[in-house]
Protein chains: 2
Amino acid sequence: MRDDPDVPETRRGRPTMNDVAAAAGVALKTVSRVVNNEPGVNATTAERVHAAIERLGYRRNDGARTLRRGRTASIGLVIEDVADPFYSGLSRAVEDVALDEGCLVFTGSSGEDASRERELVLAFCARRVDGLIIVPAGTDHDYLTPEIDAGIAAVFADRPPGAGPDADTVVCDNAGGARVGTEHLLAHGHRRIAFLADSPSIFTATERLRGYREALASAGLPYDEELVAMAPPGRARALADLERLFRLADPPTALFTGNGRTTVATLRALAAPITHGPPVAVVGFDDFELADLLGITVVAQDPARLGRVAAELLFRRLAGESGPPQRLELPTRLVVRGSGELPLRG
Amino acid sequence: MRDDPDVPETRRGRPTMNDVAAAAGVALKTVSRVVNNEPGVNATTAERVHAAIERLGYRRNDGARTLRRGRTASIGLVIEDVADPFYSGLSRAVEDVALDEGCLVFTGSSGEDASRERELVLAFCARRVDGLIIVPAGTDHDYLTPEIDAGIAAVFADRPPGAGPDADTVVCDNAGGARVGTEHLLAHGHRRIAFLADSPSIFTATERLRGYREALASAGLPYDEELVAMAPPGRARALADLERLFRLADPPTALFTGNGRTTVATLRALAAPITHGPPVAVVGFDDFELADLLGITVVAQDPARLGRVAAELLFRRLAGESGPPQRLELPTRLVVRGSGELPLRG
DNA sequence: GTGAAAGCGCTAACAC
DNA sequence: GTGTTAGCGCTTTCAC
């Protein structure tokens, strides 16, 4: 009963350009010109508009602007987990590039769940993000085809897309890095090198396995499946793997761990009393905080660079760069810190 | 044949509800009902609409929807740096709560820069986010008052806001945690305990200093400014501080480090040859990855819980919960791992 | 220089 | 059940 739908003094919500126009005694379009710094407005008129803006606490509604203009000046970033230092480093780089481009970033963690990845990506598309940077969790990206056809740019980072559209991709030299890491252990005399990594369903894990196998093959060594353990990282799993490996008739004298999480889980497991035995050499793929203090030799990649390169590629596409999908591969770097140089005991 | 009414081939952009309506031979509103699962649509009509949606690759434009409905179903999160594990843990928790609420998250890193914080927050407000979670970098939040008055909910996390609006705030028990950590060192016989932390301009650093001082006072010990060093964390700075401290006439036998970054920087500095001397006990505020392997005793807080509590508070406000601004304080927990139990050498 | 009118794609409030 | 008519707050013509 006390509903007064059209009382400007008791406005619900925020002032609009119309309100500012009324307050300044000018037309809507003039306010628009002032707000967007368009030329061709009398200085004193502009001043009056600015005063009204200040007085009413007006702030442009970018949602409405976006609806009219077509571009939202926002991108979507889907990673596996922001809480993982690898992806949070990547995120920060993407954010920084985006901010430079005047673009905001929706971030979402898929948790390595393909349906959650899809849900997030489609939600971002419904918001009409201009572009997407995706660390794919799933292997089927057909769902993206209509979105890409509709003009949403997409760049895949860290892993290539599965079945579906062929889009720009930035990965690191997974196989090459793993080969270098394995060769480093071989060079220190090791012949029984275990390979511990994430599930084979994950692209990077499989690529790194390939590098490991290449190194063995180059050295004329056989590939022994007993020395390989691939599953999602975790303490319990690392313990079980090490127990099994160390009980082998011909146990490993060195470990190559296939990503940051696996390396950390393995180091924890190695510290457990149950796995105590002769020391083993360790080289891990991915650098991690405090690896230096712990003296862990790693094959490092640069997550920030990965994010930056992916974002730059995306914005080049948004700026109109055409051409076939690119596939970039970033280098890795062996960082020697001690754990990988433990020689084979004669 | 060039003009297939169902699939307009030269349309710029994406199909709209209007296109779907035309293709299905129904009115716009019917499409809207189907898309939004509103009741009261004949099953066969709905089927025809679904078919048209499928055929055209239609996806609702949430930007337009939002403009009409008033709520954007998105929130803005401004933290110091996503690449910092503390904030990335917080981010993930916020994301998870938001996703449960059907809400997307804009994330931005302020880099401890007040103007960037302001810029991000205002950009989020221009997108008309429903709410904000802010780890304040600046000390003046007056700029937020019009936004909050306009109905944007805001929750401050990790640190309270500076001058400006009085909003919900979730912090941890900084002073209490620091007191417990310092008392732990005192209990092991230490009387000369250095305090290394971030700049005094940062709320948490100052609060933790307060707890440190309380512990000293309770033990009847004097507060010695020579033992206190507060500045942004970094390796060079940690080295310089330690060198100075160890050269004091009465050097510290224990260190209390005031946050994760400082602890890590200090541990690195302690490992440098230049600081080699008698071992010191160390207790750090904030847990960090691999602190367990390094045997570092810490006063742990739970960044994920901080994020979750802040997000839950925000969504309760968005759901209409009224009442005065709340100020929540989360507990900390002493985690004993060895470095803090090094006894004072007699 | 300035302004009126027509949408952007959708939902809300009513017709029928 | 279904359709029609107004807008949401802005930008884009194009007229003055």
Side-chain angles (χ1 to χ4, degrees), chain A residues 3 5-6 8 11-49 52-53 56-73 125-130 150-151, chain B residues 8 11-50 52-53 56-73 125-130 150-151:
Chain A
D3 274 316
D6 277 324
R11 284 198 68 75
R12 315 155 65 64
R14 315 190 55 137
T16 71
M17 273 193 182
N18 245 314
D19 299 327
V20 175
V26 297
L28 172 62
K29 178 64 207 177
T30 300
V31 179
S32 172
R33 287 201 179 92
V34 172
V35 167
N36 296 299
N37 291 312
E38 281 170 34
V41 178
N42 187 332
T44 59
T45 313
E47 198 35 66
R48 237 175 338 134
V49 172
I53 287 176
L56 299 183
Y58 171 78
R59 192 102 52 198
R60 183 178 67 197
N61 182 331
D62 280 351
R65 167 172 228 241
T66 263
L67 178 59
R68 193 57 241 245
R69 303 191 81 194
R71 277 211 169 178
T72 57
C125 289
R127 300 301 172 94
R128 297 297 188 267
V129 293
D130 298 328
Chain B
R11 279 198 68 78
R12 347 169 292 247
R14 317 187 57 136
T16 71
M17 274 195 183
N18 244 317
D19 300 325
V20 176
V26 298
L28 173 62
K29 179 66 207 178
T30 301
V31 180
S32 172
R33 288 201 179 91
V34 172
V35 167
N36 297 299
N37 292 313
E38 280 170 34
V41 178
N42 186 332
T44 59
T45 312
E47 198 34 66
R48 225 158 8 113
V49 172
H50 274 128
I53 287 175
L56 299 184
Y58 170 78
R59 192 100 54 199
R60 183 179 66 197
N61 181 332
D62 280 351
R65 167 171 227 242
T66 263
L67 179 59
R68 192 57 243 243
R69 302 191 80 196
R71 276 212 171 179
T72 57
C125 289
R127 298 301 171 92
R128 297 296 189 266
V129 292
D130 298 330

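Every chain is numbered from 1 and lettered A, B, ... according to where its sequence line falls, protein lines coming before strand lines.
- Here the side chain of B:K29 is nearest to one of D:dT2, C:dT2, C:dA12, namely C:dA12.
- When the side-chain nitrogen and oxygen atoms of B:R69 are compared with OP1 and OP2 of C:dC10, none of them lie within a distance under 4.0 Å.
- Summarising the geometry, the separation between CZ on A:R14 and C1' on D:dG9 is reported as 12 Å, rounded to the nearest angstrom.
- Of the candidates C:dG1, C:dT11, D:dC10, the closest approach to any side-chain atom of A:N42 belongs to C:dG1.
- A:K29 places a side-chain heavy atom less than 4.5 Å from the side chain of A:E38.
- Two residues are said to be in side-chain contact when any heavy atoms from C-beta on lie closer than 4.5 Å; A:L67 and A:R128 fail this criterion.
- B:N37 places its CG atom 12 Å from the P atom of C:dT11, with the value rounded to the nearest Å.
- Atom pair A:L67:CG and C:dT11:P shows a separation of 12 Å (rounding to whole Å applied).
- Atom CG of B:L28 and atom P of D:dG7 are 16 Å apart (whole Å).
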- Can B:N36 and B:R60 be said to form a side-chain contact (heavy atoms from CB on, under 4.5 Å), step by step? CA-CA 9 Å; B:N36 297 299; B:R60 183 179 66 197; 2.4 Å; yes

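- One interatomic measurement links the two molecules: CD of B:E38 to C1' of C:dC10, which rounds to 12 Å at whole-angstrom precision.
- Across the protein-nucleic acid pair, A:R71 atom CZ and D:dT11 atom P stand 16 Å apart, rounded to whole Å.
- In this structure a side-chain-to-backbone donor-acceptor pair under 3.5 Å is missing from B:T72 to B:T66.
- Rounding to whole angstrom units, CZ of residue B:R65 and P of D:dC10 are separated by 21 Å.
- On a pure distance criterion of 3.5 Å, a polar donor-acceptor pair joins the side chain of A:R68 and the base of C:dG7.
- Backbone-only engagement by A:N36 is indicated by non-hydrogen atom pairs under 4.0 Å involving sugar-phosphate atoms exclusively.
- Within 4.0 Å (heavy atoms only), A:T45 reaches sugar-phosphate atoms of the nucleic acid but no base atom.
- The residue B:D62 sits apart from the nucleic acid: no heavy atom pair falls under 4.0 Å.
- Within the 4.5 Å cutoff, the side chain of A:R48 has heavy atoms near those of the A:V26 side chain.
- Set against C:dG9, D:dT11, D:dG9, the side chain of B:N61 has C:dG9 as its closest nucleotide.
- At the phosphate of C:dG3, OP1 or OP2 sits under 4.0 Å from a side-chain N or O atom of A:T30.
- Side chain of A:A64, nearest nucleotide from C:dT11, D:dT13, D:dC10: D:dC10.
- Remark on DNA chain D: of its neighbouring residues B:V41 and A:R59, the 5'-side contact belongs to B:V41, judged by nearest-heavy-atom nucleotide.
- In this structure, the nucleotide among C:dA4, D:dC10, D:dG9 sitting nearest to the side chain of A:A27 is C:dA4.
- Here A:V26 lies in heavy-atom contact (under 4.0 Å) with sugar-phosphate atoms only.
- In this model, no side-chain donor or acceptor of A:R33 finds a partner on the base of C:dG1 within 3.5 Å.
- Put simply, the side chain of B:N61 does not reach to within 4.5 Å of the side chain of B:T16, judged on heavy atoms.
- C:dA4 atom P lies 11 Å from atom CG of A:N18, rounded to whole Å.
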